[in-house]
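These values consider heavy atoms only, across backbone and side chains, with no hydrogens, waters or symmetry-generated copies. The shown structure was predicted, so the numbers you read here are calculated from the model rather than taken from an experiment.
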Amino acid sequence: VLSLLGDLDAARECLAHVDPVARERDEREILCWNNNSWATLERLSGVIVDGDVKAHEAVAIAESLGSPFSHAHALSALVCAQAVRGKWDEAIAACEQALEIVTSRRIAVESEPRFLAAYADALLGDGRLREARSAAESSISRSLERLTPIAKLDAEIILARILLADGVVY
């Protein structure tokens with residue numbers, strides 16, 4: 001939450017404090033979500049360290065826990081970690097997995113618009129503009145259905161970037 005509120009230094013300090021405690025107490029679920037937050041912090045701060053390693057660990061933990069909800073969110077963190085590194089193929093694959101969990105299991109449906117926006121962003125990064133536009137428009141539609149205005153704003157910004165990349169001028 002601190003990252004999303006813009007207090008990046010406090011977020012970094014909090015995450016660094018939680019990690020050893022969660023490991024010491026074998027709190028794998030907490031460690032999974034803490035690792036997810038490192039990837040978000042990297043995206044928001046632009047300080048790229050080891051968010052990809054932490055996101056991969058989060059995915060492995062979520063899989064071992066057998067929690068589709070945590071698994072979908074860990075994959076979303078992996079998308080974020082790979083996207084800030086420009087690893088578009090990996091970001092796209094992770095997002096497709098997360099979206100498959102959401103649609104097949106009906107888990108984390110409130111996050112589907114955000115996942116679709118991230119998918120659109122990764123597709124844009126990979127130069128797949130038509131697919132990116134479709135994903136962004138789907139994200140906006142789902143955001144309206146699910147009453148998730150922040151995801152809608154993300155998707156609208158990504159759609160604008162897609163339109164600019166495609167040479168569409170209004």
Between [atom1] of [X] and [atom2] of [Y], what distance do you get to the nearest 0.5 Å?
X: S138; Y: Y119; atom1: OG; atom2: OH; result: 10.0 Å
X: L99; Y: S104; atom1: CG; atom2: OG; result: 10.5 Å
X: L75; Y: Q97; atom1: CG; atom2: CD; result: 5.0 Å
X: D89; Y: D126; atom1: CG; atom2: CG; result: 5.5 Å
X: N36; Y: I61; atom1: CG; atom2: CD1; result: 9.0 Å
X: R133; Y: I158; atom1: CZ; atom2: CD1; result: 14.5 Å

Between [Y] and [X], is there a salt bridge with N-O shorter than 4.0 Å?
X: D166; Y: R130; value: no
X: E90; Y: K87; value: no
X: R85; Y: D52; value: yes

Report yes if some heavy atom in the side chain of [X] is under 4.5 Å from a heavy atom in the side chain of [Y]; otherwise report no.
X: R142; Y: E145; value: yes
X: V102; Y: I107; value: no
X: L31; Y: D26; value: no
X: S37; Y: K54; value: no
X: L2; Y: C14; value: yes
X: P113; Y: K152; value: no
X: R12; Y: H17; value: no
X: R161; Y: D121; value: yes

Can a side-chain donor-acceptor contact be found between [Y] and [X] if the only test is distance below 3.5 angstrom?
X: E29; Y: W33; value: yes
X: R28; Y: S64; value: yes
X: H56; Y: Q82; value: yes

Check whether [X] and [Y] end up in the same hydrophobic cluster, where Ile, Leu, Val, Met, Phe, Trp and Tyr are linked by side-chain heavy atoms less than 4.5 Å apart.
X: I140; Y: L163; value: yes
X: V59; Y: I101; value: yes
X: L44; Y: L15; value: yes
X: F115; Y: L123; value: yes
X: V49; Y: L41; value: no

Exceeds 12 heavy-atom contacts within 6.0 angstrom, atom [atom1] of [X]:
X: E13; atom1: CD; answer: no
X: L153; atom1: CG; answer: yes
X: R23; atom1: CZ; answer: yes

Quick check: closest heavy atoms across [X] and [Y], and the distance to 0.1 Å?
X: A22; Y: I30; answer: CB-CG2, 4.1 Å
X: S76; Y: R114; answer: OG-NH1, 3.4 Å
X: I162; Y: A136; answer: CD1-CB, 4.0 Å
X: G51; Y: A39; answer: O-CB, 4.4 Å
X: A91; Y: V79; answer: O-CG2, 3.4 Å
X: W38; Y: A16; answer: CZ2-N, 3.5 Å

Please answer whether the main-chain N or O of N35 pairs with a side-chain N or O of E57 as donor and acceptor at a distance below 3.5 Å. no
Using only atom types and a distance under 3.5 Å, with no angle test, would you say the side chain of W88 pairs donor to acceptor with the backbone of A122? no
Apply the test side-chain contact (heavy atoms from CB on, under 4.5 Å) to residues I92 and R128: give CA-CA distance (whole Å), side-chain angles for both, the deciding distance (0.1 Å), then the verdict. CA-CA 11 Å; I92 290 165; R128 295 161 55 181; 3.6 Å; yes
